[in-house]
Protein chains: 2
Amino acid sequence: MSTDPLSLTLSALAHPARRSMLATLTTGELTVSELAAPFDMTGPAVTKHLKVLERAGLIERLRDAQRRPCRLRAKPLKDVFLLIRPYQKFWDESFDRLEEYLAEQADGSQPTEQNG
Amino acid sequence: MSTDPLSLTLSALAHPARRSMLATLTTGELTVSELAAPFDMTGPAVTKHLKVLERAGLIERLRDAQRRPCRLRAKPLKDVFLLIRPYQKFWDESFDRLEEYLAEQADGSQPTEQNG
DNA sequence: TTTTTATGTTACCATATGGTTAATTAACCA
DNA sequence: TGGTTAATTAACCATATGGTAACATAAAAA
């Protein structure tokens with residue numbers, strides 16, 4: 001697997017359960033059990049998902065007695081945003097959002113790797 | 001692996017070579033050899049990367065004699081954009097882009113799975 | 001027809017992913 | 001001490017990923 005930060009972030013996002021966990025964490029810190037509750041999944045499986053998120057820097061682990069609450073760290077998502085944004089002019093072929101297209105042209109941003 | 005469209009798109013993006021190929025394709029249609037040129041990679045490896053991109057709907061394969069040119073299809077990236085956008089207010093903790101934060105609040109968008 | 005070019009398929013390998021059950025650690029409570 | 005709760009580790013499994021080398025196919029060029 002690719003171990004550069006952007007690749008780690010993207011593959012962390014490439015699982016519905018992990019995306020759902022991230023979304024849940026926007027409401028605040030949550031324990032592993034709280035995060036696990038909506039899923040039909042054993043504890044170890046949840047632990048593994050959290051490790052993937054942690055390795056990507058998308059969550060931070062804390063301590064509270066025997067609990068290990070998780071906190072959202074959204075910064076890595078900014079690089080995903082910067083990767084995607086230059087493609088905005090390509091995904092709507094009818095160019096009905098012409099303002100955005102022209103704005104992109106004006107600031108000269110082009111999709112490039114490592115990264116926009 | 002997860003086979004929902006968004007997961008397929010994100011894992012397709014989770015490799016530097018594939019991101020680089022996509023970026024290159026913004027200049028227009030390219031053959032497999034042209035795409036492969038910058039990489040120290042054998043033919044089969046390139047074919048596999050292209051299949052991952054094709055499965056995610058990020059490229060389209062064409063025919064031109066013995067060539068199979070690739071064309072960028074950026075639409076799936078829009079869903080990545082919609083996934084990421086609601087987190088924008090979280091990744092800059094200093095909230096120095098207050099306008100955007102307030103705009104997001106106004107349109108009531110919250111990060112949720114399946115999707116923003 | 002033969003050769004070259006462009007690309008794909010097959011078979012194989014090592015490692016990663018995503019899940020399980022069983023056992024273990026860590027901290028609190030009685 | 002002993003028991004409960006919270007979470008992780010260990011061991012295992014099936015499948016996917018990312019790469020290789022060797023071979024096969026398709027179309028153009030000589």
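Sequence lines set the chain letters: A, B, ... in the order given, protein chains first and strands last, and positions in each chain run from 1.
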Next item on the list: Find the distance Leu13(A):CG to dG18(C):P and express it as a whole number of Å.
Entry: 12 Å
Next item on the list: Take atom CG of Asp64(B) and atom P of dG8(C), then tell me their distance rounded to the nearest Å.
Entry: 13 Å
Next item on the list: Any strand is fair game: report the nucleotide pairing with dT25(D) by Watson-Crick or G-U wobble, both distances under 3.5 Å, or none.
Entry: dA6(C)
Check: Considering only heavy atoms from C-beta outward, does the side chain of Pro5(A) approach that of Asp79(A) to under 4.5 Å?
Finding: no
Check: Atom CZ of Arg67(A) to atom C1' of dA7(D): distance rounded to whole Å?
Finding: 11 Å
Next item on the list: Could you check how far CD of Glu34(A) sits from C1' of dA7(D), rounded to whole Å?
Entry: 13 Å
Checklist line | Atom-pair distance (CZ on Arg63(A); C1' on dA6(D)), nearest Å | finding: 10 Å
Check: Are the side chains of Glu34(A) and Pro69(A) in touch, meaning some heavy atoms are under 4.5 Å apart?
Finding: no
Notebook entry, point to check: Is the distance from OP1 or OP2 of dG19(C) to the nearest side-chain N or O of Thr42(A) less than 4.0 Å?
Noted result: no
Item checked: Separation of atom CZ in Arg61(A) from atom P in dA7(D), rounded to whole Å -> 8 Å
Note to self: OP1 or OP2 of dA16(D) versus the side-chain N and O atoms of His15(A): is any pair under 4.0 Å?
What the structure shows: no
Notebook entry, point to check: Atom CG in Leu30(B), atom CG in Leu62(B): separation rounded to 0.5 Å?
Noted result: 11.0 Å
Next item on the list: Name the nucleic acid region contacted by Ser2(B), choosing base, sugar-phosphate or nothing; use a 4.0 angstrom heavy-atom cut-off, strictly under.
Entry: nothing
Item checked: Euclidean distance, Leu58(A) CG relative to Leu50(A) CG, rounded to 0.5 Å -> 11.5 Å
Next item on the list: Would you mind reading off the distance between Met41(B) atom CE and dG19(D) atom P, rounded to a whole angstrom?
Entry: 5 Å
Next item on the list: Could you give me the CA-CA distance, side-chain angles and deciding distance for Leu8(B) and Met1(B), then say whether side chain to side chain contact (heavy atoms under 4.5 Å, CB included) is met?
Entry: CA-CA 9 Å; Leu8(B) 289 179; Met1(B) 67 163 309; 3.6 Å; yes
Notebook entry, point to check: Rounded to the Å, how far apart are Leu30(A) CG and dA7(D) C1'?
Noted result: 15 Å
Check: Would you say the side chain of Leu83(B) lies within less than 4.5 Å of the side chain of Leu10(B), judging by non-hydrogen atoms?
Finding: yes
Margin query: Quick check: do Val32(B) and Arg61(B) have side-chain heavy atoms less than 4.5 Å from each other?
Written below: yes
Next item on the list: Please work out if Ala45(B) contacts a base, only the sugar-phosphate, or nothing of the nucleic acid, heavy-atom cut-off 4.0 Å.
Entry: base
Check: Near DNA chain D, under 4.0 Å by heavy atom, which residues of residues 46-60 of chain B?
Finding: Lys48(B), His49(B)
Next item on the list: Take Ser11(A) and Pro44(A), find for each the nucleotide of DNA chain C with the closest heavy atom, and name the residue whose nucleotide sits nearer the 5' end.
Entry: Ser11(A)
